[in-house]
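Shown next, in C-alpha cells, is the structure this report addresses.
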Amino acid sequence: PIEIRAGSGLGDSIYLQSVVRHLIEQGEQVEACTDWPEVFRPLEGKIKLSPWRRTRRVAHYPQGKNNPNTTQFQDSCLRAGVSPDIDLRLDWRPQNLKLIEKVKSGSRPVVAVQLPRQPMNRKDGFGSELLPNCAVIQRALDLIAPYVKTVQIGSGDAHFQLSGIDLNLAHRTSVSDLIDAVQTCDGVLG
C-alpha cells in the first residue's frame, strides 16, 4: 500500500483525508499516517490507519508557500502527486446530534469562532507572525453580534480572550464533536 502523511496538525489531516479518498477512488491501497484518526471515519474499512510518522510520500504544503497561484490544499495535492483539482471534502456524517441541536438552537445564523492561540499550537513560538490582530477579530465579533450566534471552538492556550461569545465549546469537544459543530455553522471566523 501507499504510505502517506501530511503535517502533524488537525487541518493537515483534513487535507490528507481528501488526498487519500482520491487515491482510493483511483484503486490504490493506502495507509494514512496521522494522529487524527477521527478525520478518516468516512473512509473506515477502506484504508489502514497508523500513528503519524515520516513517510516517503507526503501531502503537505510548505514547498508551495511562495506560489501565490495555489492554495495550501492544492500545494498538498501537488506534493502528494495528485491533481490539485480534486475535491476538498470530508463526506462527514454527523455523530453528536445533541451537540448539533445545541449549536443550531435559536433563529440566528451560526458562526464558529476559532480560539485565538499559537499557530499550529507550537510551544516554541514558530509561526507567531501568523497570529492575527485579535482586537480586529473582536471588533468583527462586536459588529456581527446582533445578527448571528457565535460558537467558540478550538483548544490550546488562548492568546486573547474574546468577549460576546454565545456558546463556548473551546476545550470542550472531541475531534468528532468539533467537526460536527463546525459543519453545522453557517460561517467561520478564524
### Message
Side-chain heavy atoms nearer than 4.5 Å, only ILVMFWY residues, links allowed to pass through others: does that put L10 and V113 together?
### Response
no
### Message
Could you report the tightest heavy-atom contact between A6 and A59, atom names first, then the distance?
### Response
CB-O, 3.1 Å
### Query
Among side-chain atoms of K149 and S107, is any donor-acceptor pair under 3.5 angstrom?
no
### Query
Cluster question for you: counting only ILVMFWY and a side-chain heavy-atom cut-off of under 4.5 Å, with indirect links fine, are L78 and V30 together?
no
### Query
So with a 6.0 Å cut-off around CD of E25, is the heavy-atom count from everything else above 12?
yes
### Query
P94: what forms a side-chain contact (heavy atoms from CB on, under 4.5 Å) with it, not counting sequence neighbours?
L97, I100, D180, Q183
### Message
To the nearest 0.5 Å, what is the distance between CD1 on I2 and CD on Q26?
### Response
10.0 Å
### Query
For the atom pair CG (L88) and CG (L90), what is the distance rounded to the nearest 0.5 Å?
7.0 Å
### Summary
Residue pairs passing the salt bridge (charged side-chain N to carboxylate O under 4.0 Å, His left out) test with at least one member in residues 160-170, sequence neighbours excluded, are R108-D166
### Message
Quick check on N66: does its CG atom have over 12 non-hydrogen neighbours (other residues, nucleotides or ligands) under 6.0 Å away?
### Response
no
### Query
Within a strict 4.5 Å, meaning less than it, do heavy atoms of the V111 and V188 side chains meet?
no
### Query
With a 4.0 Å cut-off, would you call D91 and R21 a salt bridge?
yes
### Query
Would you say D12 and Y61 make side-chain contact, with heavy atoms under 4.5 Å?
yes
### CG on L16 to CZ on F73, rounded to 0.5 Å
10.0 Å
### Query
Heavy atoms, side chains only, cut-off 4.5 Å: are R117 and F160 in contact?
no
### Query
Looking only at heavy atoms, which two atoms of D177 and S174 are closest? And how far apart?
N-OG, 3.0 Å
### Task
Taking all heavy atoms of P146 and all of D142, pick out the closest pair and write down the distance.
CD-O, 3.9 Å
#### Entry: Side-chain (N168) to main-chain (A170) donor-acceptor, under 3.5 angstrom
yes
### Query
So which heavy atom on C33 is nearest to which on P51, and how close?
CB-O, 3.7 Å
### Query
Do the non-hydrogen side-chain atoms of V110 and V151 ever get within less than 4.5 Å of each other?
yes
### Task
Please report the closest heavy-atom contact between I24 and K46, naming both atoms and the distance.
CD1-O, 3.9 Å
### Message
Please find the pair of heavy atoms, one from I86 and one from V82, that lie closest to each other, and give the distance.
### Response
CD1-CG2, 4.1 Å
### Query
Does V103 share a hydrophobic cluster with I165, counting links as ILVMFWY side-chain heavy atoms below 4.5 Å and allowing steps through other members?
no
### Query
Going by heavy atoms in the side chains, are P42 and R93 under 4.5 Å from each other?
no
### Separation between CG of L99 and CG of L178, rounded to the nearest 0.5 Å
9.5 Å
### Query
Could you state the interatomic distance from CG (L141) to CG (L143), rounded to the nearest 0.5 Å?
9.0 Å
### Task
Please list, chain by chain and in numerical order, all residues satisfying side-chain contact (heavy atoms from CB on, under 4.5 Å) with R79, sequence neighbours excluded.
V58, Q63
### Query
In Å, rounded to the nearest 0.5 Å, how long is the span from CD1 of I153 to CD of Q114?
6.0 Å
### Test side-chain contact (heavy atoms from CB on, under 4.5 Å) applied to I4 and L23, step by step
CA-CA 10 Å; I4 190 168; L23 290 170; 4.2 Å; yes
### Query
Tell me the ring pair (Phe, Tyr, Trp, His ring centres under 6.0 Å) pairs involving residues 166-190, sequence neighbours left out?
none
### Sub-4.5 Å side-chain heavy-atom contact between Q152 and L167
no
#### Entry: L115-L162 co-clustered via ILVMFWY side chain contacts under 4.5 Å
no
### Summary
residues 28-41 vs side chain to side chain donor-acceptor pair (under 3.5 Å), sequence neighbours excluded, gives S13-T34, E31-S50, E31-R53, R41-Q95, R41-S176
### Task
Would you mind reporting whether P132 and I137 have side-chain heavy atoms less than 4.5 Å apart?
yes
## Note on the structure
Taken in chain and number order and not counting sequence neighbours, the residues that satisfy side-chain contact (heavy atoms from CB on, under 4.5 Å) with R54 are R5, W52
